[in-house]
Each structure stands twice: as C-alpha cells, then as structure tokens.
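First comes the structure, then the notes that go with it.
Just so you know, these numbers use all the heavy atoms, side chains as well, and skip hydrogens, waters and symmetry mates. Reminder, nothing fancy here: chain letters follow the sequence lines and each chain counts from 1.
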There are 2 protein chains.
Amino acid sequence: MPRLDPSRRTTVTIYDIAKKLSISASTVSRALRNHPDIRPETVEAVKDMAKKLNYQPNTIAQSLRERRTKLLGVIVPEIQQHLYGSVLNGIEEVAFRKGYQVLVSKSGESYERELMQTYALSNQVDGVIACLSQHTHKIDHFRQLKNQGLPLVFFDRAPERLAAHRVLFDNEAGSFALTENLIRSGFTRIAYLSGPEQLAVCQERLSGYQKALERYNLPFDQDLVIHTGFGYQDGRIGFTRLMKLENRPDAIFAASDQIATAVVVEARRIDLEIPHHLGLVAFGSDPVHALLHPAITGLHPKGYEMGSTAAQLCIQEIEQAGKNKRFRTERLTTEIIIRHSSIKASGEDSVVSAYSRFHKRDGFGDEVIYMY
Amino acid sequence: MPRLDPSRRTTVTIYDIAKKLSISASTVSRALRNHPDIRPETVEAVKDMAKKLNYQPNTIAQSLRERRTKLLGVIVPEIQQHLYGSVLNGIEEVAFRKGYQVLVSKSGESYERELMQTYALSNQVDGVIACLSQHTHKIDHFRQLKNQGLPLVFFDRAPERLAAHRVLFDNEAGSFALTENLIRSGFTRIAYLSGPEQLAVCQERLSGYQKALERYNLPFDQDLVIHTGFGYQDGRIGFTRLMKLENRPDAIFAASDQIATAVVVEARRIDLEIPHHLGLVAFGSDPVHALLHPAITGLHPKGYEMGSTAAQLCIQEIEQAGKNKRFRTERLTTEIIIRHSSIKASGEDSVVSAYSRFHKRDGFGDEVIYMY
DNA sequence: ACCGATGTCGCAATCGCTTGCATAAAAAAG
DNA sequence: CTTTTTTATGCAAGCGATTGCGACATCGGT
C-alpha cells in the first residue's frame, strides 16, 4: 500500500517538514523535542518550518507510540446533578493543568450502561475516575480495568473491596451533624429518607443519623427509615410513605438534594409548613437550598475538591506507575450550613444570622452563595 | 527496535491470537471483522480465542489507521452552569448512541483558555462542538479547525461569519415574550440587564426586548440597558447601577439565570419586594426559579435538545464528509414559564394557575419541574 | 490431464511518530 | 598525519490494526 498521496492530505506531518528542509524525519522529531543531539541551527530551522507549515503533531500517533493517551476517563451517574457537575469541574481543572484531557461518560445510574462505558474507556484512557451507579452490584468490570493495569480512582460511591484510591465524603460525621442540628432545635421524631440500602454512602449516613439519636437518647424507629433512591421521584415516594404513618415524623433527614426538594414541594402541597410543622435537613448543597423559602439547612459536600483530588490521585498513579502500591481513601470533610428549615419556628431569627457570604470559586464568575 | 517482549505486555493483540492459532494477524483481523474471505470455522476459532484471551482491540491503533477517533470534542464555557450541563447531557446521549465518546473541556469564559482547548482538541477528535466564551473576539482558532477539515458545530453562542452549523435559541422571540409578559402585567419601566454587548445572543435578546416595547408603545430608555456579563457578580453590579438611577425601573429583564438570582438576593437585601416593587423575568430555567419565593418567571431554553441536535449535526457532517456543504442554523424555540415574579401583586393568584407538572426527562431520575 | 475460477489465507506496506543503533563528519588527541 | 572521541544526523524497526494484492490449493469443466 503506497503512502498516502501528500498532495491530497490536509494535515502536515514531520515528513513534510523533513522534505522541505532535506533532512530526515527523525531529525525533525528530535528537533521538535529539543533533543540535545541536534544542532541549534537545525532546531531553529525545523521549528520555523513547523510554524510556517502550521504543523501540529498527530496526537494519535504519539499515543500509539508512547502507549499513553493523556486522556482521563470519567464515569459519572448523571452529568446534570449539582454534585457531579462540580466534581467534573474539579477533574477538568486539574487535568488541564497537568496536560490531560477528560473523556466524560455517564452511566445514568444504570449498571448495564456503566458496563458499556467501562469497556469503551478501557482502551483509550490512561486512567479512570468513576462513581458507581446506584444499581451496580457487581464490579468485575472495574476489576478488569485494574487487571489491564489501568489506574482507577473512585469518588463519592466506591466498591467495598477493590484495590483502588477512593475519594469520599465523611458521610457519617456529616450525617451526625445534620441530625444533631435537628435534635438541638427540638425535633425528636426524625425520619431518614435515603437511597439504595446496599450503597455504602447510605449505610454511612444512616450510621451517623443513628449515632446522633443515641447520643441524645432518642429512640430509633425502623419505620422512620426509608430507602428508595436519590432521585426526585424517589423523594416523593418516600415522603408519601412517611405521611401515611400513624405516628408521623416531625422532621426529615433527606440524603440528597433531590429528595429534599421533593419534600419541600410535597409538603407545600399538603400545607405542611417547614420548619414549623416539619423540620428538614439535606445532605447536599444545591444552590437552590439557599434561596428556597424557607432556606434549607444542608451540608456542603466539596464536589470541586472531590474532583480535583481524584484527578490528582489518578494522574499521580499514572505517572509513577509501579511505585507506591498503596491505595488511599481520602475522606473529605463537609460543611454544615444552617438555615431556617431546621430551626423550630420560635427562635428562628435569633439563631440564624442574617448575612450572606459570597464565595468566588475560581474567578470565572462561578460563584456559590453560602448563607448562614 | 525489537517488538515489545510479549511476556511483559499486559494487553492482548491480534498477534497473540494469531500465534495461538498459528495463523496470520491479517486473518485474525479479517475474522474479527467478519470479512467474507475467511472460512467460517476460522472465524469461529478466532472469536473464541479472542474471548478466551479477553482481547480488546486497541482503539488508538485503529484510530491511526482509519484516520478517525470516534471522539467528539466539546468546549463549554462552564461545566457547572445549568444550561451547559443539560447541553452536555444531550451531547453525551447522542454520542453514546452513535458510538462516539465525548471529550469535554471548558473555556471558563476565557479567550486564552478557549484557544488552548481548541488546539488541544484539534488533533484528536473527529468533530468539535463549541460555545464561544464571553470574551472571544477573534475566531481564527475556529477557522483553523475548519481548514483542517474538522466538522464544527456551535451552540448557544456562535460567531457571525463562519461556515459552520449553529444551534441557537430563538433569543429574540423569547425575549419578546418575556418582556411582553411584564408589560401586560402593568410594568412600564423595564430594565434590560445582560451580558457582553458584542455577543450576538445579547443583541438578539435586546432586539426582542426593544420590539416588545415598541409593540406596546413604551419608550426605550438607554439608561435602562446595561451590558456587563452573565455571571452572578455581573448581575450584582448591574443591579446596583440600576438602583442608583434617579428614575428607577419598575421591572427587570435578566438575561441569565445568574443575573436573576443576583437580583433576587440584592433586592431582598434592600427590602425591595418582588414582584410588588419590582417585576422580574429571566432568560433561563434553572430549577431554582421554580422554588424561589417568589417563583421567577423564566424561559425554558431546551438545553438537552440543543446538545442532542448539535451532536447529531456534528456526527452527520463527520460521516458524510464531502457531501452536503450547506450549513444549517437551527433555532430552538423556548418555553415561557410564567410564575409570580412577573405578576403585579394585585392579580397574583388569579393569573397563575396553581398546579405544577412533573416532567421526567430520560428515565434516570433526572426530573425537571415546570411550574405554570 | 490441463486450465481458469473460486475460496482462504499470508505478506508487507501503511497510518505518524519515536528512538536505539549505526554512520559520517568534524573535532580533539596523540 | 593518523587515531580516537565527539557531534550531528540517518536508517529502520516498531506501536497495533487494516487491507490490496499475490500465493496456493481445491474444484469443476472440457
């Protein structure tokens, strides 16, 4: 097969530069990479010609040759969710700074799709950063990535037993703080509305909730614990079930932003006033919380930090392949943001200070509002 | 250079399969691709062996050979913004269905970074889908992509003169509808708070705003038109300038979600009641709008559709390279969602119907609430 | 039994770039 | 003025997969 007719090719290769200068392609390659063997004048000539011809190295060829792609694969349950958006942002930022690019794919909380995405990524990225889907029950696909020698980092939701880095929130501590906040405000019958029972995050949050109850000598009532999903509809369903109870809760711990939103909307619909009739805290920090009426007490999970540390760990493992075989589990702290939804009506204004703080995140007009 | 020692390689290639079966790599390749020349038994043997060895084709090598990567490059101003999140979602969905993957990079509304991202993408994707940054004043970098023969599709913000597909909102119509809504509700002194003047979207929205004023015989006051940026801080600045006017506006048209949010927060701070003292409409549909108090009248820009059609156009251009040189500009309609913020206090409840509709977007628990 | 048709498969080149090794020229050393 | 060293460059293989073309074998036809 003859070499592609150069006159019909649109892209410029090192061979074009070489021909123009009557030197060899190897010299061109070395010159462009500043190899010390090449005479300075030659280097200059090559670089000039490269610029003149508008040469851009073929990344694919480099990848094949060097057996690395400078690509990070990310699998995220949903792109549009606030937390995952900020995680992506954090990943992108670090990747950009380190010269990597980000291949984003979503599982849509589906195990099957996660499988496909995993395989699709496996052969074109240098490392994978993933968050388990809600319904992932087997992790052979991730095992296989590891067997292929691919660095793998999990964030937010990670499998129990798999040798990989993890970046997780301190779910238990956060959950404890939120629950404690409700208790201190005088709520005693607090329901726990959460996602799939088998997920570690749910277990951990449940545990924090339970510990807070124990700590304050409140009884634990299994009826008040509902495991559905993290979605908006799940929240509606859970809320409805709670409202059907003979002995209704006087407050709700919502394990996700969407669940909390559902509670707000549904409570409004049946004329339950928050926080007067029903206290509410949310494990999440969708900006919407700050602006709702009443504003919702929540936990700010540092998604951006989660993404950036995950990316750092991943790139680190990629670049020092072989060394340091120990896998870390980073626990990110969360910040509780106390607003009106968890404060019993009486002392409302006295407890919540009235100022708001504006926090500029990265200088690109991407501000997040924290209200205390 | 000797072929890499197969015993040290972790990945399986067609050569491994070939050796095991004592046939040639070409035959393996053909068998895997169901080439008719290969005997059925051979095909079967090859496929069995491939499965047994857990063979996965090297995507990079294929890309080099076939001169295509099955990668779509996306440049987005901000990943975390609601609109762009849904656009990404739409792109990812279509890409996945058509066997492409998505390389996401963000410009952070910075021209320089957009430049870098453009070059970084140019050599490893089959097509680019981009949204101009707020500060992009030159488009030579995109021109160059075109010169390299790369399909290019713009969404939301597109350069004026460049032969490429565009997927845009019908900004003028949407703007007109929003303004009209304020006017009909009795507001007469409506300010226009928007992004950079040079952006076409801003021009178009301004035009819709002006046409609505004309249509209802309201005077146009240049003082009420403020061009800053689309961000939250920009909104604050603009709002402050408006409030310093001798003759304050009685309503505000906010050209972005963030601007609207800023107006809500700042108005609250100076005890201006919306909509009693100040009407407000927003060009955007951040879910936050529905839940704010008062709920904000806004425009639902169909981000998901924007993303999916952009991806479709892009893939189409990739796959029928050469044919059909005409470039389309798709104008997506927007849906106005009337809520309380644009309704003068008096007739509030009579005008806004009290039900809400839940719209399940894609079956993955990603619901968006529309409130009318 | 000879010949062309048909069916299967291998050789080798190629995508664009990198790099170990050889080589030639120039410089330094003897 | 040789010999050794240094400096600068070229050759060619190889990353893994694809594919035009040729090779060989089998088979039917006459």
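- Of the candidate nucleotides C/dA12, C/dG16, C/dT19, C/dT19 has the atom nearest to the side chain of A/Ser26.
- Rounded to whole angstrom, the span from the CD1 atom of B/Ile17 across to the P atom of D/dG16 amounts to 13 Å.
- The side chain of A/Leu64 lies closest to D/dG16, out of D/dA8, C/dA12, D/dG16.
- Scanning for side chain to side chain donor-acceptor pair (under 3.5 Å) contacts around B/Arg143 gives an empty result, with sequence neighbours left out.
- Where B/Pro40 and A/Thr27 meet DNA chain C, the nucleotide closest to each residue was compared, and B/Pro40 sits on the side nearer the 5' end.
- Between B/Phe154 and B/Phe142, the angle of the ring planes goes over 60°, which puts this pair in the perpendicular group of the 30/60° scheme.
- Within the model, atoms CG of B/Asp156 and CE of B/Met306 stand 5.0 Å from one another, a figure rounded to the nearest 0.5 Å.
- One interatomic measurement links the two molecules: CG of A/Asn123 to P of D/dC15, which rounds to 16 Å at whole-angstrom precision.
- Out of D/dT9, D/dT19, D/dG16, the shortest distance to the side chain of B/Arg30 is found at D/dT19.
- Computed from coordinates, the A/Tyr15 OH to C/dG16 P distance equals 9 Å when rounded to whole Å.
- Residue contacts shown for B/Arg33 are limited to sugar-phosphate atoms, with no base heavy atom under 4.0 Å away.
- Whole-Å rounding puts the B/Ile38 CD1 to D/dC24 P distance at 18 Å.
- Side-chain proximity of B/Ser24 to C/dT19, C/dC17, C/dC11: nearest is C/dC11.
- As rounded to whole Å, 11 Å separates atom P of C/dG20 from atom CD of A/Glu66.
- Contact annotation: A/Tyr55 side-chain N/O to C/dC17 OP1/OP2 distance is under 4.0 Å.
- The nearest pair of heavy atoms linking A/Pro77 to A/Leu132 is CG-O, 4.0 Å.
- Going from atom CG of A/Asn58 over to atom P of D/dC15 covers 18 Å, rounded to whole Å.
- Between B/Phe327 and B/His165, the ring-plane angle classifies as perpendicular under the 30° and 60° cut-offs.
- Distance, A/Gln62 CD to C/dG16 P: 13 Å, rounded to whole Å.
- With values rounded to the nearest 0.5 angstrom, A/Glu114 atom CD is found 14.0 Å from A/Lys106 atom NZ.
- Put simply, CD1 on A/Ile14 is 11 Å from P on C/dT19, counting in whole angstrom units.
- For C/dC9, the OP1/OP2 oxygens have a side-chain nitrogen or oxygen of B/Arg39 closer than 4.0 Å.
- Within the nucleic acid shown, B/Thr42 comes within 4.0 Å of sugar-phosphate atoms alone, with no base atom in reach, counting heavy atoms only.
- Taking only side-chain nitrogens and oxygens, B/Arg68 never comes nearer than 4.0 Å to OP1 or OP2 of C/dC15.
- Each of A/Ala61 and A/His35 lies near DNA chain D, and the nucleotide nearest A/His35 is the one positioned closer to the 5' end.
- Residue contacts shown for B/Ile23 are limited to sugar-phosphate atoms, with no base heavy atom under 4.0 Å away.
- Using a 4.0 Å heavy-atom criterion, one finds that A/Asp37 contacts the bases of the nucleic acid, with or without backbone contacts as well.
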